[in-house]
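In what follows, chains are A, B, ... by sequence order, proteins preceding strands, each numbered from 1. Just so it is clear, the structure is predicted and the values come from calculations on it, not from any experiment.
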There are 2 protein chains.
Amino acid sequence: MSLTDTSQHSNCSAMSDVLNRIGDKWSVMVVGMLGRNGTLRFNELKRLINGVSQRMLTLTLRNLERDGLVTRTIYPEVPPRVEYSLTELGKTLQVPISALWDWSAENHGAIVEARAIYDARETAVAADSSRKIAYARG
Amino acid sequence: MSLTDTSQHSNCSAMSDVLNRIGDKWSVMVVGMLGRNGTLRFNELKRLINGVSQRMLTLTLRNLERDGLVTRTIYPEVPPRVEYSLTELGKTLQVPISALWDWSAENHGAIVEARAIYDARETAVAADSSRKIAYARG
DNA sequence: CAGGATCCACGGCGATACTG
DNA sequence: CAGTATCGCCGTGGATCCTG
């Protein structure tokens, strides 16, 4: 099975299934963070990932653990300590995610630019048809 | 700027921003389809991408167009014909997405397996504490 | 054929409060 | 510290109908 052969209709559902998890913003963040830092505690992750709520971080970690991408290690101490890290499977996922990350860093500017151009055109078109809209409204 | 350097806190927002679009399930599908088939019409895409509604396909294509990833070509015929294809920027995105796609195809089985194991353990734990739950409910 | 407009349900997600 | 439980909003997205 060649690499370019993987995108037949048959694999659409598999891709879809996988995307439902890893296509998730927080999951990508968590994998990215764990991939770089190796092992992190719950609140360390929470601090590193900007804007994540404690609820979403918990859910994300649970799903990643369930999918065999992240290990969860509980240390029976007080105060409690729980450490997260990537499994071997998770580390392999880190590769394509890293590629995506790099692409983002490199092309974010181009996207912002494209949006500006598109929006400028759109507002121009909107202004052009403003009379018709106003007419229809009145 | 090295590749491994791209995941500092600074790029978190850029990645987040990009992920909001390309992390989207349908966007990935569209890019994947266009990347393989080159140029596709609206309904061709709709047929190829299983489960997408016409509304979501429209929105997805608009966003991709706005981000400069997809071109939209209207042929003033009757019946109307609109063709979509990837821009150069879109083609570069196709690379990391393809990597993700390949990863999905290759590791989907492992994920399903991991889920089964996890769920089996969870239901076992749930059964274990069923009395306590029943007690609390009663 | 390609899509705009509208309606509506549902669930994702944040905020908050509580626990071991 | 690392969660669980509950509530409530509102955005997402499907279904449906209509147009050029």
Measure [atom1]/[X] against [atom2]/[N] and give the value in whole Å, please.
{"X": "B/Y84", "N": "C/dA2", "atom1": "OH", "atom2": "C1'", "answer": "7 Å"}
{"X": "B/E83", "N": "C/dG3", "atom1": "CD", "atom2": "P", "answer": "12 Å"}
{"X": "A/R72", "N": "D/dG3", "atom1": "CZ", "atom2": "C1'", "answer": "8 Å"}
{"X": "A/N63", "N": "C/dG11", "atom1": "CG", "atom2": "P", "answer": "16 Å"}
{"X": "B/N43", "N": "C/dA2", "atom1": "CG", "atom2": "P", "answer": "4 Å"}
{"X": "A/L57", "N": "C/dA15", "atom1": "CG", "atom2": "C1'", "answer": "16 Å"}
{"X": "A/K46", "N": "D/dC1", "atom1": "NZ", "atom2": "C1'", "answer": "12 Å"}
{"X": "B/I74", "N": "C/dG3", "atom1": "CD1", "atom2": "P", "answer": "7 Å"}

How long is the gap from [atom1] on [X] to [atom2] on [Y], to the nearest 0.5 Å?
{"X": "B/L89", "Y": "B/L69", "atom1": "CG", "atom2": "CG", "answer": "5.0 Å"}
{"X": "A/L57", "Y": "A/M29", "atom1": "CG", "atom2": "CE", "answer": "12.5 Å"}
{"X": "B/K25", "Y": "B/T60", "atom1": "NZ", "atom2": "OG1", "answer": "11.0 Å"}

(Q) Between A/K91 and A/E88, does any NZ, NE, NH1 or NH2 come within less than 4.0 Å of an OD or OE carboxylate oxygen? (A)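 Yes.
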Q) Do A/R81 and A/E83 sit within salt-bridge range, that is, some charged N less than 4.0 Å from a carboxylate O? A)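 A salt bridge is present here (some side-chain N lies under 4.0 Å from a carboxylate O).
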Q: Answer yes or no: does atom CD of A/E44 have more than 12 heavy-atom neighbours from other residues, nucleotides or ligands under 6.0 Å?
A: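 Check passes, neighbour count above 12.
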Q: May I ask you to check whether over 12 heavy atoms, not counting those of A/E122, lie within 6.0 Å of atom CD?
A: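 Yes - once you tally the heavy atoms of other residues, nucleotides and ligands closer than 6.0 Å, there are more than 12.
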(Q) Side-chain N or O of B/R41 versus OP1/OP2 of C/dA2: is the shortest distance under 4.0 Å? (A)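 True: B/R41 side-chain N/O within range (under 4.0 Å) of C/dA2 OP1/OP2.
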Q.
Within the structure provided, determine whether A/Y84 and A/L34 are in side-chain contact (heavy-atom separation under 4.5 Å).
A.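 Touching, per the 4.5 Å side-chain cut-off.
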Q. Which angle, to the nearest 10 degrees, lies between the helix axes at the two ends of the helix from C/dC1-D/dG20 to C/dG20-D/dC1, each defined by five pairs?
A.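 The end-segment axes of the helix from C/dC1-D/dG20 to C/dG20-D/dC1 are tilted 50° relative to each other.
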Q.
Categorize A/Y75 for me: base, sugar-phosphate, or nothing, with a 4.0 angstrom heavy-atom threshold over every strand shown.
A.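 Answer is nothing: A/Y75 stays at 4.0 Å or more from every strand.
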Q.
When you compare the side chains of A/S85 and A/T71, does any donor N or O come within less than 3.5 Å of an acceptor on the partner?
A.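 Yes, A/T71 and A/S85 have a side-chain donor paired with an acceptor closer than 3.5 Å.
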(Q) I'd like to compare against my own output: the B/S/- annotation of nucleotides 9-20 of chain D with a strict under-4.0 Å heavy-atom distance to protein. (A) ----BBBBB--B
